[in-house]
Number of protein chains: 2
Amino acid sequence: MDQNITIEDVAKLAGVSRATAGRVVGGYGNTSEKSREKVLQAVKELNYRPNLVAQGLRGQSTKTIAVILGSIKNNYCNHLIYAVEKEAQKKGYNVIICNTHEDIRQEIRHLQNMYSRQVDGIVMMSACRTDEEIEEQYKELYSGETPIVFVDRKIKGLTSCVIQSNNELASYEATKYLLELGHQRIGILATEDYSTVNERIKGYKRALEENGIVFNPKNIQFAAQSEKNKVAEMTAKLLREKSQVTAIYVLNNSLCAGVLSELKRQKKNIPEDISLLVWDDEDLNELLEITTVVQPIEEIGKMAINKLIHDMRTKKGAEESTKEILDSHIIYRSSCKKVNS
Amino acid sequence: MDQNITIEDVAKLAGVSRATAGRVVGGYGNTSEKSREKVLQAVKELNYRPNLVAQGLRGQSTKTIAVILGSIKNNYCNHLIYAVEKEAQKKGYNVIICNTHEDIRQEIRHLQNMYSRQVDGIVMMSACRTDEEIEEQYKELYSGETPIVFVDRKIKGLTSCVIQSNNELASYEATKYLLELGHQRIGILATEDYSTVNERIKGYKRALEENGIVFNPKNIQFAAQSEKNKVAEMTAKLLREKSQVTAIYVLNNSLCAGVLSELKRQKKNIPEDISLLVWDDEDLNELLEITTVVQPIEEIGKMAINKLIHDMRTKKGAEESTKEILDSHIIYRSSCKKVNS
DNA sequence: CTGAAAGCGCTAACAT
DNA sequence: ATGTTAGCGCTTTCAG
């Protein structure tokens, strides 16, 4: 496995020049059938493999795409990376992963590092909250020459390309479904303030309003995925509030385990004692028959890569904001029960 | 965000030579305090970022590590990558992920590609079964100059460095635990024939033997993670066999959902009707109180990176096989019940 | 302590 | 159709 065989070695053995050998191997320019054969023979004999780093330096593409997101452990991210890697692979790109642990400082470091690496494009689920703006000095990192596709969350005050599912609408429909079952007091559990979550809350509010129900801020509680105890605590709080909820609507899959654990501790049965509706599907949801809003993650990932590759070709940086919205759908299982209110 | 600022631009602005600028930026060689300041000032002013691709071509390291494994969706792999990326980051490396989908052909393509990319090292969970051997022509891919650390599974007939948990022993102990509870007929569900699985089966057999129980081959069924229906079917088969099992021992977390789903369909309660013991922990296990064998994945990942970096430094390829075994432990929950046999 | 120059492996413009 | 050569951005001799 000598790693040091270069195009020069191939050329020598084949008895042609570096350029010709390169043309054959790279499949560009014109070559005679005779030299083609000789070169290919030499390639095989020497087990030559082109040096992608040199290609990357010489040419304008490193055939590398970075995925920057909170944590690969998160269910949504995990599926996203899977889809992204699959599509990237198909298109001849490799994927570098960067976990930010939802820390904007780390996100910025990763971005700088990826630019140093000359990646061709970036898929990003930013750690930036809706209320935050990127500091002025770092803004250029988020809108330079290298194309970035933002998935799921968008960033305030930035020209950018976003791909996400129809959060507002799907959330509206999910809420409407609960309302139709007679639930008037629907408690929400969500991760902290990201644009995605906000849109889902918006849809929730719209459905309430349409049904003449006054929104009660106490019915929304926040917790981060990592804070398992807090998730349980907030769940308990929802159940404890005077306006006792009859349904819990979990906006992020990552919080689901914590909610279920608290429900179990309180010996609340689903759906007899409480109804449950959750965003993002996984084995657990199917097993426990939890009604779920399913986002088309596979397609989002695929589209992200294709948009990226398109932008790379057209050399268009973030000149204009674009937004692709893909449809989510609800899988109705048995975790939501009719109540008479 | 001009990407095209080079060390030359910095040098010009600072009024020194490329070499001196490089020395300051790269922190090598000697420089006077005066030029140091001038260069650093220029770096800041121009927002210079070194080109890692050029460094990679010039130097001997690309600061890149590849992780090649079945699928990031698999729970074990997912946690492994997380740990690997975290440790690699800390040590100044980035991680490229490659999913083989448990297909040896894809694995080989990935390997070739990663060598083309001049990665510094590879963490690999090979798709190679125990009964298979790597074809002669590809063997060099698995034991060349670039250090590879094999995680979890090892490959037959190859000098290699393996890191894994004590599969045999932990499985022996898990089985012994079930035996002590009175279970005589313990059904196994496992993914197909990988070295890891084999070791676990070995531990299982040893425990049976020690207790004078004759091993019944029908009590072991295989299915792949992806074949959800087959998992259910095999579970049913275990329950149906004349030698009806009183406990199911699942050797791979990825099969767990399928097993649970079948148990549910058959309205078998855990642990009243059947005991359950599973490898690898996740939220689900805690929630359903499933007794679990927990592998130290975090440490395995960390150790893999450190071994890799060590091997890179010492330039030792796979000259000798090494093996690191880390301890698993069992978390006892309530999914296993005493029976009188 | 600093600068000039070579070269990592590749591709592309220019000659032949 | 093929060879020669320059140069991508960096590091590292080698002189001075």
Side-chain angles (χ1 to χ4, degrees), chain A residues 2-40 42-43 46-64 92 113 115-120 145, chain B residues 2-40 42-43 46-64 92 113-120 145-146:
Chain A
D2 309 86
Q3 195 46 255
N4 317 342
I5 291 162
T6 77
I7 195 73
E8 173 129 39
D9 301 319
V10 173
K12 255 184 208 150
L13 182 62
V16 297
S17 72
R18 276 215 310 281
T20 307
R23 283 191 263 259
V24 172
V25 172
Y28 52 88
N30 293 326
T31 49
S32 73
E33 190 52 38
K34 220 193 307 175
S35 21
R36 233 184 83 78
E37 266 171 41
K38 279 190 295 180
V39 169
L40 290 179
V43 164
L46 294 172
N47 196 18
Y48 166 76
R49 252 187 298 275
N51 184 327
L52 267 165
V53 177
Q55 280 182 359
L57 179 58
R58 175 63 235 255
Q60 60 294 320
S61 163
T62 54
K63 293 290 177 186
T64 312
N113 186 227
Y115 290 134
S116 259
R117 277 190 183 274
Q118 316 289 116
V119 297
D120 295 334
E145 316 245 286
Chain B
D2 308 87
Q3 196 45 254
N4 317 344
I5 290 162
T6 76
I7 194 75
E8 173 128 39
D9 301 319
V10 173
K12 254 183 209 149
L13 182 61
V16 297
S17 71
R18 278 215 308 280
T20 306
R23 283 192 262 260
V24 172
V25 173
Y28 51 87
N30 292 326
T31 47
S32 71
E33 190 53 37
K34 220 192 303 175
S35 21
R36 234 183 84 79
E37 266 172 40
K38 277 190 294 181
V39 169
L40 290 179
V43 164
L46 295 172
N47 196 17
Y48 166 76
R49 252 187 298 278
N51 183 326
L52 267 165
V53 178
Q55 281 182 357
L57 179 59
R58 174 65 236 251
Q60 58 296 317
S61 163
T62 55
K63 293 288 177 191
T64 312
N113 187 227
M114 290 304 109
Y115 289 134
S116 260
R117 279 191 181 273
Q118 316 289 114
V119 298
D120 295 335
E145 316 244 286
T146 308

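Every chain is numbered from 1 and lettered A, B, ... according to where its sequence line falls, protein lines coming before strand lines.
Within the nucleic acid shown, Asn51(A) comes within 4.0 Å of sugar-phosphate atoms alone, with no base atom in reach, counting heavy atoms only. Within the 4.0 angstrom heavy-atom criterion, base atoms lie near Leu57(A). Within the nucleic acid shown, Val16(B) comes within 4.0 Å of sugar-phosphate atoms alone, with no base atom in reach, counting heavy atoms only.
Between the CG atom of Asn30(A) and the C1' atom of dG3(D) there is a distance of 15 Å, rounded to whole Å. Protein atom CD of Glu8(A) is 13 Å distant from nucleotide atom P of dG3(D), rounded to whole Å. One atom, CZ of Arg117(B), and another, P of dC10(C), lie 15 Å apart when rounded to the nearest Å. The distance from atom CG of Asp9(B) to atom P of dG9(D) is 9 Å, rounded to the nearest whole Å. What separates NZ of Lys12(A) from P of dT4(D) is a distance of 13 Å, to the nearest Å. Separating the CD1 atom of Ile7(B) from the C1' atom of dA4(C) is a distance of 16 Å, rounded to the nearest angstrom. Regarding Tyr48(B), its OH atom lies at a distance of 7 Å from the C1' atom of dG9(D), rounded to whole Å. Atom CZ in Arg49(B) sits roughly 15 Å away from atom P in dG9(D) (whole-Å rounding).
Contacts of Ala14(B) classified as side-chain contact (heavy atoms from CB on, under 4.5 Å), with partners at least two apart in sequence or in another chain: Val16(B), Lys38(B), Val39(B), Ala42(B). Considering only residues two or more places apart in sequence or on other chains, Arg18(A) meets the side-chain contact (heavy atoms from CB on, under 4.5 Å) condition with Ile7(A), Glu8(A). Legend: residues meeting side-chain contact (heavy atoms from CB on, under 4.5 Å) with Ala19(A), ordered by chain and number and at least two apart, are Ser17(A), Arg23(A). Under the rule for a side-chain contact (heavy atoms from CB on, under 4.5 Å), the partners of Thr62(B) that lie at least two apart in sequence or sit in another chain are Val53(A), Thr64(B), Gln118(B), Asp120(B).
Shown for residues 17-27 of chain B: residues whose heavy atoms fall under 4.0 angstrom of DNA chain C, namely Ser17(B), Arg18(B), Ala19(B), Thr20(B), Arg23(B).
Of the possible donor and acceptor atoms, one in the side chain of Ser116(A) sits under 3.5 Å from a partner among the backbone N and O of Pro50(B).
Among the nucleotides dG9(C), dA1(D), dC1(C), the one closest to any side-chain atom of Ser32(B) is dC1(C).
Checking Gln60(B) against Gly59(A), the closest nucleotide of DNA chain D that is more toward the 5' end is the one next to Gly59(A).
For Tyr28(A), no side-chain nitrogen or oxygen approaches OP1 or OP2 of dA13(C) to under 4.0 Å. Phosphate proximity of dT2(D) to Thr31(A): absent, as no side-chain N or O sits under 4.0 Å from OP1 or OP2.
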Output side-chain donor-acceptor pairs under 3.5 Å for residues 25-36 of chain B, partner residues at least two apart or in another chain, one line each.
residue: Tyr28(B); atom: OH; partner: Gly22(B); partner atom: O; Å: 3.4
residue: Ser32(B); atom: OG; partner: Ser35(B); partner atom: N; Å: 3.3
residue: Ser32(B); atom: OG; partner: Ser35(B); partner atom: OG; Å: 2.6
residue: Ser35(B); atom: OG; partner: Ser32(B); partner atom: O; Å: 3.4

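Closest non-hydrogen pair, Asp9(B) versus Asn4(B), comes out as OD2-O, 3.5 Å.
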